[in-house]
Each structure stands twice: as C-alpha cells, then as structure tokens.
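The structure under discussion appears below in the form of structure tokens.
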Amino acid sequence: AQSVAQPEDQVNVAEGNPLTVKCTYSVSGNPYLFWYVQYPNRGLQFLLKYITGDNLVKGSYGFEAEFNKSQTSFHLKKPSALVSDSALYFCAVRDPIAGNMLTFGGGTRLMVKP
Amino acid sequence: DAGITQSPRHKVTETGTPVTLRCHQTENHRYMYWYRQDPGHGLRLIHYSYGVKDTDKGEVSDGYSVSRSKTEDFLLTLESATSSQTSVYFCATLDSYNQPQHFGDGTRLSIL
C-alpha cells in the first residue's frame, strides 16, 4: 500500500530565510508526487509535481522540490521565505501500479515570521 | 479553483438527518472525488467516480453514498448523519492521471 509521511506538524522560519518542508513516501512502483498548498477556508492549490525526468522540479510562487529515489523523499524548498507563504502544505503520492488513488500526508503548517 | 463549485459552503444539522453535498464542475473532467479533511489526518478519500454512473469506494466510505448522473455533478449523501461526520468536505476533479487534481473550496459540515 502507498503511504506518505510529513514528519513535521509545523515549520517555523524567518522571512528571507530558506525553507524546507519534508515529505517521504512509500510505493511499490515509480511514484507520481505532488505538493499542494492550502490557505484558510480554501481548497488545495497545486504547487508542483514530479512524474519523470529531472529530479529537481520547479513550481509556482518560487517553490521547488527535489525527488530523491534512494531516500524516498520529495522535500519542498524555497530559497527565501515570504510571510505570505504561511499556509498548510500537503504532499501526495500516486502509485500507478497499485491503482490511481492519491494518498495525502497529514500536512505541515508553515509559519513565516517577519 | 474557478471551475469547481461546492454547495452549500456551510451547513449545520442534527444527528440522524440526511444531508446531501453537491459538487459541480465546468472542466469536463472525467474523474471526480470526495474527500474529508480532519486535523492530523490530511485528506481521506470517501468515494470517487470514473465516469457517469461509475463510482467506487474510497478509504472511509462507511456512512456515505454518492451519485453521478451527469459529467458535471457529483453528489455526496450522508443517509443518517452522525457527529463523527462533522468535517470539512472537499470535491476534486481530474483530467488524466499524470495531472494534478483540482479542488473546490470545501463544505464545512457540523452535525450536532
């Protein structure tokens, strides 16, 4: 069965500093990986995805993520955090072999302080 | 997402009453999903649809039913609501499996 873990419930970072939100996954086959962001009282918004190709994926709002197959990780990163980046972030995985359902991690709340 | 409308956005009801949530899409996406979001659990799949009148169960389907009579509409029904079904419910659509799902803005359901 596929699974996703986001080990940190909350990440705190100062504005202007780099940020990392961690995600590890478990699948049988080659994963499709996604990051979403959720602002208060809104649905999830897509940030970026990894399907195949370059391990470093660039997405919306200056975010990027690195696919690391040996460590089964897909950490979300941004070189310089903004206060407006404060939100709830979800990592998700789909295993095309096991079926096509999307499994979500529990979410990580990012707090960027001025 | 501009192409997905969930209604109602908020609802308060009593235990034992039936509740129907509606998801309407203008994207013409084949696949539609209902999730519930609870603190510490992320999003959990309730039911999904892979076409008109084609639906299947997700991870937490007990107490829920769905129907899809048209491509654009996906209904979620709680036949007899319980307090454990208090949650935020999200609808999502999908065009193809290597693409991201698109989400509505959710329905906040409180069952007293």
Side-chain angles (χ1 to χ4, degrees), chain A residues 1-10 21 23-25 27 29-53 57 59-60 63 65 74 76 87-109, chain B residues 1-10 21 23-25 27 29-51 54-61 87-110:
Chain A
Q2 61 194 46
S3 65
V4 179
Q6 294 181 241
E8 301 156 318
D9 290 337
Q10 182 162 318
V21 182
C23 171
T24 59
Y25 65 89
V27 298
N30 293 318
Y32 292 2
L33 292 156
F34 302 84
W35 274 103
Y36 290 86
V37 60
Q38 184 182 31
Y39 298 102
N41 301 313
R42 299 299 304 276
L44 277 66
Q45 298 178 28
F46 168 70
L47 278 179
L48 50 80
K49 67 176 180 178
Y50 173 83
I51 304 298
T52 187
V57 178
S60 306
F63 284 94
F74 189 56
L76 182 70
L88 190 56
Y89 291 81
F90 289 98
C91 181
V93 68
R94 176 181 295 132
D95 183 352
I97 292 178
N100 281 297
M101 294 305 105
L102 203 58
T103 298
F104 288 86
T108 298
R109 186 164 299 281
Chain B
D1 194 279
I4 301 173
T5 304
Q6 292 187 232
S7 58
R9 291 294 315 280
H10 302 273
L21 308 183
C23 177
H24 178 79
Q25 62 144 332
E27 307 288 334
H29 286 173
R30 174 182 176 184
Y31 305 97
M32 296 186 75
Y33 304 83
W34 276 108
Y35 294 92
R36 59 179 289 173
Q37 182 179 21
D38 304 290
H41 290 278
L43 273 73
R44 293 180 291 175
L45 181 65
I46 305 171
H47 281 280
Y48 64 98
S49 168
Y50 42 94
D54 289 325
T55 64
D56 207 345
K57 296 178 180 180
E59 177 187 358
V60 290
S61 60
S87 187
V88 182
Y89 292 84
F90 287 97
C91 173
T93 69
L94 180 68
D95 185 24
S96 62
Y97 285 129
N98 62 351
Q99 296 300 318
Q101 291 184 5
H102 297 252
F103 285 83
D105 283 336
T107 294
R108 186 172 297 275
L109 179 62
S110 297

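Values below: all heavy atoms of this structure, side chains included; hydrogens, waters and symmetry mates excluded. So that the names make sense, note that chain A is the first sequence line, chain B the second, and so on, each numbered from 1.
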_Exam field: side chain B:Asp105 to backbone A:Gly43, donor-acceptor pair closer than 3.5 Å_ =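 Side chain of B:Asp105 to backbone of A:Gly43, a donor-acceptor pair under 3.5 Å: yes, one is there.
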_Donor-acceptor contact below 3.5 Å, side chain A:Tyr32 vs main chain B:Pro100_ =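 Here the side-chain-to-backbone pair does not exist.
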_Looking at A:Asn30, I want to see if its CG is surrounded by more than 12 non-hydrogen atoms of other residues, nucleotides or ligands under 6.0 Å._
no
_I'd like to know whether CZ of A:Arg109 has more than 12 heavy-atom contacts from other residues, nucleotides or ligands below 6.0 angstrom._
no
*For A:Asn41, is it the side chain, the backbone, both, or neither that has a heavy atom closer than 4.5 Å to a heavy atom of chain B?*
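Both backbone and side chain of A:Asn41 come within 4.5 Å of chain B.
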*Pairwise side-chain contact, B:Asp56 with A:Met101, heavy-atom cut-off 4.5 Å (strictly under)*: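 Side-chain contact under 4.5 Å: no.
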*Less than 4.5 Å apart, any side-chain heavy atom of B:Phe103 and any of A:Gln38?*
no
*Picking from B:Gln6, B:Gln37, B:His41, which has the most non-hydrogen pairs under 4.5 angstrom with chain A?*
B:Gln37
_For the interface with chain A, which of B:Tyr31, B:Tyr35, B:Tyr50 has the highest count of heavy-atom pairs at distances below 4.5 Å?_
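Sorted descending by pairs with chain A, the first entry is B:Tyr35.
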_What's the separation between atom NE2 in B:His102 and atom CG in A:Leu44, rounded to the nearest 0.5 Å?_
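Nearest 0.5 Å value for the NE2-CG distance: 12.5 Å.
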Examine whether an atom of [X] lies under 4.5 Å from a heavy atom of chain A, and if so say whether it belongs to the side chain, the backbone or both; otherwise answer neither.
X       : result
B:Leu43 : both
B:Tyr97 : both
B:Arg9  : side chain

_Which atom of A:Arg94 lies closest to which atom of B:Leu94, heavy atoms considered_ =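 Shortest heavy-atom contact: NH2-CD2, 3.8 Å.
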*Relative to chain B, which of A:Ala92, A:Gly106, A:Gly107 shows the most heavy atom pairs under 4.5 Å?*
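That would be A:Gly106.
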*Identify the residues of residues 45-53 of chain A whose heavy atoms come closer than 4.5 Å to a heavy atom of chain B, ordered by number, or report 'none'.*
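When heavy atoms of chain B are the reference, residues 45-53 of chain A contributes A:Phe46, A:Lys49, A:Ile51 within the under-4.5 Å range.
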